[in-house]
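Down below is the structure, laid out as structure tokens.
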Amino acid sequence: MHSVSSLEDALSRRAWDEVNDVFDAHFLRLLLLDPALVDRALDALPEEWFAEHPRHEMSRALARSASDPDGLVQQAAQRRFLAWVGSREHPELRDLLGVEAARIRDSIAHGWYEQASGIADTMLELIRSAQTVSSEYSDVLPATYVRCGTAKLLAGDIEASTACYAEALRWARTGGGHPYARYAREHLALVHALEERYADAAALIEGPFTRSPTDTVTRRLEAPGLLARVLLALSDLDTDEATRLLDFVDDGIRASEFGWVALHAGATSAIFAGESWDAIHSITSEIVASAERHGPGSLSGATLRADLASLYQAVGDLRAAERTMLTPGLLRRHSGVVTSLARQALLRGRPEQALNVMLAGESARREHIPTRHLPSGAVVFASAELAASGALSENTLRLAASSVAHHRAFSALAQATPELREELLPLVGTSADEVPRPWEYLPRIKLTRREREMLDALETHATLSEVASALHVSINTAKTHVRALYRKLGAHSRDEALWLGKE
């Protein structure tokens with residue numbers, strides 16, 4: 001709190017040069033610790049002082065951005081700051097980082113996540129190439145690494161995002177500690193929760209969630225911590241707590257770069273509660289309204305489309321789920337997409353296809369953790385193996401049980417088929433009554449040779465009489481066989497039968 005008392009003292013004496021020194025060393029700390037004091041100082045400083053100190057004209061614009069709905073910095077102040085930095089023969093590292101921070105904020109606000117990720121690379125290289133990164137930059141580095149981590153997260157680079165957030169936390173813990181440490185922890189917790197590493201996420205969360213006043217920088221930084229807590233509540237199957245926390249999600253969070261996580265959490269909550277339709281409409285509307293931000297190749301776009309497929313699967317509309325998963329350009333290495341695709345095959349009674357989806361997705365995934373080693377993926381893989389062969393290897397069962405227990409990912413148990421539940425739930429100490437059953441899995445469908453011939457004839461010939469002729473049976477016999485095939489597949493039309501029966 002020394003920085004607070006130093007600013008109060010300098011302000012009381014109207015010692016503007018000392019205010020400049022305090023701002024240089026501690027501006028971001030002060031903005032988090034005592035935003036009212038910062039506002040008081042910024043209002044008291046003469047306007048001509050800002051003209052002489054362009055760095056702090058940018059600081060003032062940053063403080064004022066808290067009241068902007070999109071968190072954007074005033075463009076005029078930003079342009080003057082960029083011009084000032086460009087005019088200096090040897091600009092300081094903090095100012096170079098400030099230039100890139102302005103660019104990365106704008107890119108994220110527009111949904112240009114790949115561009116933001118490239119700017120993050122530039123910022124990280126500036127830090128790496130600096131001859132010295134001394135403690136005098138400890139005020140700006142935690143925020144810098146958080147911003148880079150968010151850009152990497154939105155671009156789908158989970159590993160780089162995790163590394164950036166961890167580095168932000170390391171810097172925030174140096175030099176007596178920085179108030180940014182809380183937000184670095186909570187950003188890191190959110191990444192872990194999105195990867196179903198709930199135990200790791202929980203270890204980073206400290207205390208209950210409380211909201212800061214509106215129009216403060218801290219309020220904008222609180223979204224990841226809130227959303228991580230929601231995902232943790234869902235992982236514990238505590239839907240009441242998840243609903244309570246979701247009530248804190250306001251328009252500011254929905255409009256922020258983390259708004260899609262709120263939709264993702266809401267989708268999971270809706271599936272568990274058996275109330276999928278509202279979530280379907282919310283996600284569909286968001287994807288259409290914010291197409292630039294949620295392209296199918298982005299992390300948010302892939303997550304929301306995987307959620308949408310899961311919601312359609314929960315209400316039994318497998319055709320809509322299939323169309324969603326066939327979106328061109330979908331990030332198919334995303335674990336949620338792989339799991340939804342495999343679940344789709346299981347719901348159609350095609351466990352061998354589900355296994356192939358998981359293994360193919362694993363070979364295509366560039367990340368270090370295969371989908372079938374993550375809790376939901378492990379449970380779906382075990383369900384498919386059991387359904388395909390009627391037996392379950394000890395390794396597959398143990399992998400599913402240990403993944404759920406180690407990560408405290410009890411929500412993943414909802415992915416299990418009824419047959420797997422009997423074997424898996426006792427190993428993780430969870431009662432069957434506690435685990436929702438959102439998806440209605442069909443028994444394994446294996447068509448006989450004659451049924452396969454009937455399906456092929458339906459695909460080849462337009463009329464039932466042509467089908468009967470091709471199979472050398474009467475039209476009445478053909479009708480009987482078609483009705484029996486429809487019942488077996490759970491189809492209500494030719495198109496559904498062809499779709500459900502395809503290999």
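Positions are given from 1 along the sequence. Since the structure is predicted, the reported quantities are computational estimates derived from the model, not experimental observations.
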Listed by chain and number, what are the ring-ring contact (aromatic ring centres under 6.0 Å, His included) partners of Phe381, not counting sequence neighbours? none
Could you work out, with ring-ring contact (aromatic ring centres under 6.0 Å, His included) as the rule, every residue matching Trp439, not counting sequence neighbours? none
Do the side chains of [Y] and [X] get nearer than 4.5 Å, heavy atoms only?
X: Leu413; Y: Arg421; answer: no
X: Val435; Y: Arg437; answer: no
X: Tyr137; Y: Ile127; answer: no
X: Phe23; Y: Leu7; answer: yes
X: Tyr165; Y: Thr150; answer: yes
X: Ser402; Y: Arg398; answer: no
X: Leu231; Y: Ser411; answer: no
X: Arg219; Y: Glu222; answer: yes

Pairwise distance [atom1]([X]) to [atom2]([Y]) - rounded to 0.5 angstrom:
X: His110; Y: Glu292; atom1: NE2; atom2: CD; value: 9.0 Å
X: Thr327; Y: Ile287; atom1: OG1; atom2: CD1; value: 7.5 Å
X: Arg105; Y: Leu62; atom1: CZ; atom2: CG; value: 5.5 Å
X: Leu153; Y: Glu159; atom1: CG; atom2: CD; value: 13.5 Å
X: Thr417; Y: Leu346; atom1: OG1; atom2: CG; value: 7.0 Å
X: Thr218; Y: Arg211; atom1: OG1; atom2: CZ; value: 9.0 Å

What residues, two or more places apart in sequence or in another chain, satisfy salt bridge (Lys or Arg N to Asp or Glu O under 4.0 Å) together with [X]?
X: Asp34; value: none
X: Asp121; value: Lys152
X: Glu241; value: Arg244
X: Arg182; value: Glu186

Donor-acceptor side-chain pairing of [X] and [Y] below 3.5 angstrom:
X: Thr396; Y: Glu385; result: yes
X: Tyr312; Y: Ser276; result: no
X: Thr303; Y: His334; result: yes

Over all atoms of both residues, closest heavy-atom pair of [X] and [Y]:
X: Glu423; Y: Leu397; result: OE1-CD2, 3.9 Å
X: Gly156; Y: Arg333; result: O-NH2, 4.5 Å
X: Met58; Y: Ala102; result: CE-CB, 4.0 Å
X: Leu318; Y: Gln344; result: O-NE2, 2.9 Å
X: Phe81; Y: Asp95; result: CZ-O, 3.8 Å
X: Ala265; Y: Leu234; result: O-CD1, 3.5 Å

Are any side-chain N or O atoms of [X] and backbone N or O atoms of [Y], one a donor and one an acceptor, separated by less than 3.5 Å?
X: Arg293; Y: Gly301; answer: no
X: Ser282; Y: Leu263; answer: no
X: Arg229; Y: Gly225; answer: yes
X: Ser340; Y: Gly336; answer: yes

Using a cut-off of 6.0 Å, state whether more than 12 heavy atoms not belonging to Arg408 lie near its atom CZ. no
Side chain to side chain contact (heavy atoms under 4.5 Å, CB included) for Asp250 and Thr214? Distances and angles first, verdict last. CA-CA 11 Å; Asp250 56 17; Thr214 56; over 6 Å; no
Test side-chain hydrogen bond (donor to acceptor under 3.5 Å, both in side chains) applied to [X] - qualifying residues, sequence neighbours left out:
X: Ser161; answer: none
X: Arg343; answer: Ser310, Gln313, Gln415
X: Gln115; answer: Ser107

Is any side-chain N of the basic residue among [X] and [Y] closer than 4.0 Å to the acidic one's carboxylate O?
X: Glu257; Y: Arg147; result: yes
X: Glu322; Y: Arg319; result: no
X: Asp24; Y: Arg55; result: yes

Output all residues satisfying side chain to side chain contact (heavy atoms under 4.5 Å, CB included) with Ala151, sequence neighbours left out; order by chain, then residue number. Ile104, Ile108, Ala116, Ala120
Counterpart residues, side chain to side chain contact (heavy atoms under 4.5 Å, CB included), relative to Val249 (two or more places apart): Leu226, Leu227, Leu246, Ile253, Arg254, Ala262
Once ring pair (Phe, Tyr, Trp, His ring centres under 6.0 Å) is applied, what residue pairs with a partner in residues 229-269 remain, sequence neighbours excluded? His187-Phe258, Phe209-Phe248
